[in-house]
Amino acid sequence: MNSISTKDEIKTLNDLCFQIPKSELHVHLEGTLDPEMIFKIAERNNAIENLPSNFKSLESIKKSYNYKNLEEFLEIYYLASKVLLKEEDFSEIVMNYFKKVLNHGVKYAEMFFDPQSHTRRGIKLETIIKGLLIGLKISEERYGIKGNLILCFLRDLSEEDAIKTFQNFLELKELKIVEDSLLEKIIGVGLDSSEIGNPPDKFKNVFKLAKEKGFKLCCHCHDEGSLENIRKSVEELNVDRIDHGIDIYLDENLLNKCVDKRIPYTFCPLSTKKVQRTPDLKVYNLDGLLEKDLLVTVNSDDPAFF
Ligand code: ADE
Ligand code: ZN
């Protein structure tokens with residue numbers, strides 16, 4: 001608590017909110033790519049001319065950060081992440097995020113990354129992982145914030161592709177591409193991207209393998225009809241955590257099961273609002289869920305985009 005200033009210095013609720021020590025458990029590193037960073041990295045890589053037509057100026061990028069639903073958001077999100085090419089680009093997204101959240105009171109962060117969105121563009125898994133872990137090491141030392149990473153599979157790709165990616169990652173671990181203590185910072189696997197038509201049970205085998213290898217498991221459940229996906233994640237994948245899970249208020253039995261099993265939920269209010277699952281976040285009854293002892297946390301998801 002020593003980072004909290006004296007009462008006299010805390011002038012407004014806003015100040016207080018910034019200063020309260022926080023854990024951020026749900027943030028996508030690629031989702032921290034703001035328009036300024038996109039330009040900076042593209043310039044460094046002499047790749048300005050490769051940017052898509054709606055990314056040609058800061059203003060046009062900002063204008064395109066506007067979506068009616070998850071699919072529209074994902075299209076822009078993957079376009080933006082194409083700017084990441086080299087190890088130092090991946091290091092920079094971690095360092096930039098830590099620099100920003102230092103002033104938001106963040107003390108600990110669990111950060112997702114989407115390796116397949118880069119390997120499918122020809123970037124080596126080693127470049128991605130080395131870049132992120134070196135960036136994390138520098139950031140922890142520089143900003144005094146602790147962090148861990150979660151490797152996310154893209155649910156709109158096949159399970160075979162997810163298994164291949166996970167096995168490549170295990171091979172890189174064996175090769176000790178960086179020191180062991182850094183490799184241990186990839187603590188879990190998750191499931192993100194386009195949810196409709198891609199239920200969690202599609203990834204049963206790769207999640208089982210990851211559990212056997214000692215990784216924590218989590219799964220995004222937040223698009224239309226996601227209650228069934230929460231149920232499958234809990235009952236069939238045995239996840240340690242649900243990401244979003246906003247529809248849990250609809251099923252009292254499942255909710256009680258998650259309370260008993262102490263399965264946490266990482267709510268992300270701004271992305272939920274911006275991809276227009278609802279105009280009114282009160283529907284999800286966060287207070288009511290906390291009163292029932294569900295472990296609910298509040299997170300930023302893709303802060304540059306929301
Ligand atoms: N990938 C990055 N952000 C995401 C989100 N909010 N939902 C699903 N996939 C994502
Ligand atoms: Zn997310």
Side-chain angles (χ1 to χ4, degrees), residues 23-34 37-38 64-84 90 93-94 97 101 106 109-121 128 132 147-157 161-162 165 188-200 202-203 216-227 229-230 232-233 237 239-248 264-278 281 284 296-306:
S23 288
E24 161 98 288
L25 300 180
H26 184 149
V27 58
H28 299 259
L29 283 168
E30 293 89 344
T32 65
L33 261 176
D34 53 43
M37 254 174 91
I38 291 176
S64 69
Y65 279 21
N66 180 24
Y67 344 89
K68 282 203 277 301
N69 51 42
L70 182 63
E71 298 306 316
E72 280 193 14
F73 155 69
L74 288 170
E75 201 177 305
I76 300 294
Y77 167 87
Y78 292 126
L79 267 184
S81 69
K82 282 187 180 177
V83 81
L84 302 168
F90 290 95
I93 47 174
V94 185
Y97 169 69
V101 298
V106 172
E110 279 176 15
M111 298 160 284
F112 293 116
F113 67 106
D114 289 331
Q116 290 157 296
S117 74
H118 312 297
T119 53
R120 70 182 170 187
R121 301 183 285 115
I128 304 162
L132 292 174
N148 283 312
L149 297 175
I150 299 173
L151 184 160
C152 248
F153 303 118
L154 301 188
R155 65 202 306 162
D156 40 346
L157 301 184
D161 205 293
T165 302
V189 301
L191 196 60
D192 68 357
S193 200
S194 185
E195 184 171 344
I196 294 174
N198 297 299
K202 178 177 160 187
F203 294 90
K216 296 280 186 192
L217 311 181
C218 54
C219 182
H220 276 58
C221 302
H222 67 133
D223 213 341
E224 301 289 336
S226 71
L227 187 61
N229 285 345
I230 299 176
K232 284 178 172 165
S233 300
L237 294 192
V239 293
D240 299 286
R241 182 177 99 189
I242 296 285
D243 293 317
H244 299 276
I246 47 178
D247 287 331
I248 187 63
Y265 281 63
T266 57
F267 272 30
C268 306
L270 290 184
S271 61
T272 298
K273 207 172 162 77
K274 289 268 169 62
V275 297
Q276 317 210 337
R277 275 300 312 277
T278 175
L281 292 170
Y284 299 115
V296 183
T297 68
V298 174
N299 306 271
S300 70
D301 208 3
D302 300 282
F305 292 79
F306 300 122

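Just so you know, ligand 1 is whichever comes first in the structure, and atom 1 is the first atom listed for that ligand. Atoms considered below: every heavy atom in the structure, side chains included; atoms not considered: hydrogens, waters and symmetry mates.
Of all atoms in ligand 1, listed by their number and element, those nearer than 4.0 Å to a heavy atom of F73 are 3 (N), 4 (C). For ligand 1, the atoms closer than 4.0 angstrom to any heavy atom of Y77 are 1 (N), 2 (C). Ligand-side atoms of ligand 1 in range of H28: 1 (N), 2 (C), 3 (N), 4 (C), 10 (C), range being under 4.0 angstrom from any heavy atom.
Distances between N or O atoms of Y78 and those of ligand 1 include no value under 3.5 Å.
Side-chain contact annotation: D301 with S271, donor-acceptor N/O pair under 3.5 Å present.
Looking at atom 3 (N) of ligand 1, its nearest protein heavy atom turns out to be D302 OD2, 2.8 Å. Nearest protein heavy-atom neighbour of atom 7 (N) of ligand 1: H222 NE2, 2.9 Å. Protein heavy atom nearest atom 1 (N) of ligand 1, with residue, atom name and distance: D192 OD2, 3.4 Å.
Counting backbone and side-chain atoms alike, H222 contributes no N/O/S atom closer than 2.8 Å to the Zn ion (ligand 2). Look at D301 and the Zn ion (ligand 2): an N/O/S atom of the residue is under 2.8 Å from the metal.
Contact of the M37 side chain with the V83 side chain is not registered, since no non-hydrogen atoms from C-beta on lie closer than 4.5 Å. Proximity of D34 to F305: side-chain heavy atoms (C-beta onward) are nowhere separated by under 4.5 Å. Between D114 and S81 the shortest side-chain heavy-atom distance does not fall below 4.5 Å. Looking at heavy atoms from C-beta onward, I93 lies in side-chain contact with L33 at the 4.5 angstrom threshold. Side-chain contact between C219 and R155 is present, with heavy atoms from C-beta onward closer than 4.5 Å. Within the 4.5 Å cutoff, no side-chain heavy atoms of C221 are placed close to those of D247.
At a 4.0 Å heavy-atom cut-off, ligand 1 touches S193 through the backbone alone. Within the 4.0 Å heavy-atom criterion, neither part of F112 lies near ligand 1. In L70, the part holding a heavy atom less than 4.0 Å from any atom of ligand 1 is the side chain.
In this structure, F90 has its ring center closer than 6.0 angstrom to the ring center of H118.
Between F113 and I128, the shortest heavy-atom contact is CD1-CG2, 4.1 Å.
Ligand 1 does not have E195 within reach: every non-hydrogen atom of the residue lies 4.0 Å or more from it.
Considering D114, L74, D301 only, the shortest heavy-atom separation from atom 10 (C) of ligand 1 involves L74.
Angle NE2(H28) to the Zn ion (ligand 2) to NE2(H220): 90° [nearest 10 degrees].
Salt bridge K216/E110: absent, no basic N to carboxylate O contact under 4.0 Å.
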